[in-house]
There are 2 protein chains.
Amino acid sequence: MDVRRLKYFIVTAEERSISRAAERLHITQPPLTRHIQSLEEELGVLLFTRTSWGVELTQAGAALLKHAHNISAHIELATEQIRRVATGQAGRIDIGVFGSAMLSIIPKLLRSFSATHPDVKVVLHNTPKERQIGALHQGRILVAFDRYLPEFPNITSELVYREPLYVALNQSNPLAQQTEIKLDDLRNEPLIDEQDQSVFIACRTLFKRHSFEPIVAQKAGDLIAATIMVSGGFGTALVPESILNLQLPNVVFRPLATDVECLIDLHCAYRKDEDSRLLNDMLDCVRAYQRDQLPPAAGTPTAA
Amino acid sequence: MDVRRLKYFIVTAEERSISRAAERLHITQPPLTRHIQSLEEELGVLLFTRTSWGVELTQAGAALLKHAHNISAHIELATEQIRRVATGQAGRIDIGVFGSAMLSIIPKLLRSFSATHPDVKVVLHNTPKERQIGALHQGRILVAFDRYLPEFPNITSELVYREPLYVALNQSNPLAQQTEIKLDDLRNEPLIDEQDQSVFIACRTLFKRHSFEPIVAQKAGDLIAATIMVSGGFGTALVPESILNLQLPNVVFRPLATDVECLIDLHCAYRKDEDSRLLNDMLDCVRAYQRDQLPPAAGTPTAA
DNA sequence: CCCGACCCATGCTCTTTTTGTATGGGGTCG
DNA sequence: CGACCCCATACAAAAAGAGCATGGGTCGGG
């Protein structure tokens, strides 16, 4: 059954006349007559009784009319929704994040994205970095937020956010008495590294300049885990400012005082060949955030 | 949007391959490719991403797939119901009745009709005889049940039921003491006639034979109204047996003893040119009723 | 590294469907 | 009784659909 025929039928039923309906439909009367005939033939049912002044619905025709309105509305609703999905006004966006990145500006970013895309379901996937790259390639996620990102084929990334470093100390550590920590203070301090070494990579220039050789006491899966280990007394950790959102027992945070600026980055990564509307909208969000928030965030940290 | 295209799309989405889908659809691959293309063009939306091993749904395509199943099911449901309406298995039947005819076998008849047509809504219209004829002509009712029916153009009728006559007497009437009433007993009795004179017409042979001239004291709209007037003491009425179903205060019913059989008929009337399935089914019901009930009813009345 | 297998897209032709024009039969109204 | 309006049909032109042949691309195996 053709939906166009259904519409022809609806108009004919409304006009109670094939000629008038044809006029309204901007076709001539004979084709419409045959459309009605073939619809009747297809259903094996007489839809109209032909009178001298026009046509009149049979009971079966009246039954079809009821359904026809619903079906037609159903289809229009569907096409509308599909268009919305295609233009990124509705649907779903899958985002990869990992560990401390989540504590960073992601919540704010997603909130501003959701504000302009109320019908898009946002799905966060908390996955290690390497698997995010795979997921990006396979299209299981559209964009990934990570700190340090090496080069991958067909993947590009842009800087979202930079934040200063803090030292996470166990309360019992004598250094906790200081208001800020210098790199030299950490020379004999057992440090907790994490899997991706985002911090150490970010600090490599600083470390080199000071000939600083970190004493790695423990390895943690991510920076949140590292901070939990600090809480447990396993050592000290260098963490980005956003970790300060964590409230853990026996952990104090002190700014890392450095002679050269040392910031840790957050990037977002996506496939070069992906140009879906949803991705572009998300990147627009990120860039708007960069414009609005990056300069002050880099200069004067807002969190305490 | 053509529903055939929707089915093509569904199969393609299921097979994740245009070639395989084409095979399943018993067409070759190029036409299917173009169907998908024109569907995409019509919606202004990319439905599949083409890969080296086949095709994969986009988000918009997935959205369409969900709706497509519903729409397709909706249409099949509708066609099924329309066919049921057309074959008289569902829909609605409008029936005209008037006054005492309703008290007759109509309830039984409708019950047996409903038993075989559970999805047909039965609508009873209580309308005077003349308006029933108009309603029949206009198709507002499909069949009418009436007692005496003169000839009308394009209308035919058949006998449904015959029943004996009773005399409805007010309790205070001396004749109420008799177990049965003879026609001669009514010679000086004020009688209540009704609009259509169904009873007087049914009795005209009997009246003539006995040179009986009824004394018409009152006129009532129908036989039920006549019986109510008997209850009010306005006179005596000749009524068909089915009126005995009425329980009215101060009214007693006595059989009318006659030397020749005198029965009053119930007919059903319908348009000669109407041959809808519903009408024929209803007539089948009536005829089955005639076969089963008419002989005993005519010979030995069952009601007391 | 190339070759065959498989995928989708496209150009071309033939068939089927759909459309418009012209016309006819039947009913209604002045 | 003739003008008028309705629906149905015949016929030709236009459009859409289906199949065949073919091309570009990717993936695996020799």
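Naming convention: chains lettered A, B, ... in sequence-line order (proteins, then strands); numbering from 1 in each chain. Note that this is a predicted model, so its numbers are computed, not measured. FYI, side chains are in, hydrogens and waters are out, and symmetry mates aren't considered; it's all heavy atoms of this structure.
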Measure the distance from CD1 on B/Ile18 to P on C/dC6 and round it to the nearest whole Å.
17 Å
For A/Ser17, report the nucleic acid contact type (base, sugar-phosphate, nothing); a contact means any heavy atom under 4.0 Å.
sugar-phosphate
What contact category does A/Phe48 fall into here, base, sugar-phosphate, or nothing, at under 4.0 angstrom with non-hydrogen atoms?
nothing
Assess the pair A/Phe48 and A/Phe9: is the distance between their ring centroids shorter than 6.0 Å?
yes
Got a sec, which residues hit ring-ring contact (aromatic ring centres under 6.0 Å, His included) with A/His67, two or more places apart in sequence or on another chain?
none
Give, ordered by number, those residues of residues 27-47 of chain B having at least one heavy-atom distance below 4.0 Å to an atom of DNA chain D; if nothing qualifies, reply none.
B/Ile27, B/Thr28, B/Pro30, B/Pro31, B/Arg34, B/His35
Is B/Arg50 close enough to C/dC7 that one of its side-chain N or O atoms is under 4.0 Å from OP1 or OP2 there?
no
Result for 5'-nearest mapping on DNA chain C, choosing between A/Arg4 and A/Ser52, is A/Arg4
Does this structure show an ion pair linking B/Arg287 with B/Glu158, if we count only N-O contacts that are shorter than 4.0 Å?
yes
Check B/Asp265 with B/Arg147, please: is the shortest side-chain N to carboxylate O separation under 4.0 Å?
no
In the 5' to 3' direction, the nucleotides of DNA chain D bounding the stretch that comes under 4.0 Å of a heavy atom in chain A are D/dC6 to D/dC11
Distance-only donor-acceptor check, side chains B/Asp281 and B/His117, under 3.5 Å
yes
Check: A/Thr33/A/Gln37 side-chain N/O donor and acceptor closer than 3.5 Å:
no
Hey, are A/Gln197 and A/Tyr148 close enough side-chain-wise for a donor-acceptor pair under 3.5 Å?
no
Does any donor atom in the side chain of B/Glu23 or B/Ser19 lie under 3.5 Å from an acceptor atom in the other side chain?
no
With a 4.0 Å cut-off on heavy atoms, is B/Arg5 in touch with a base, just the backbone sugar-phosphate, or nothing at all?
sugar-phosphate
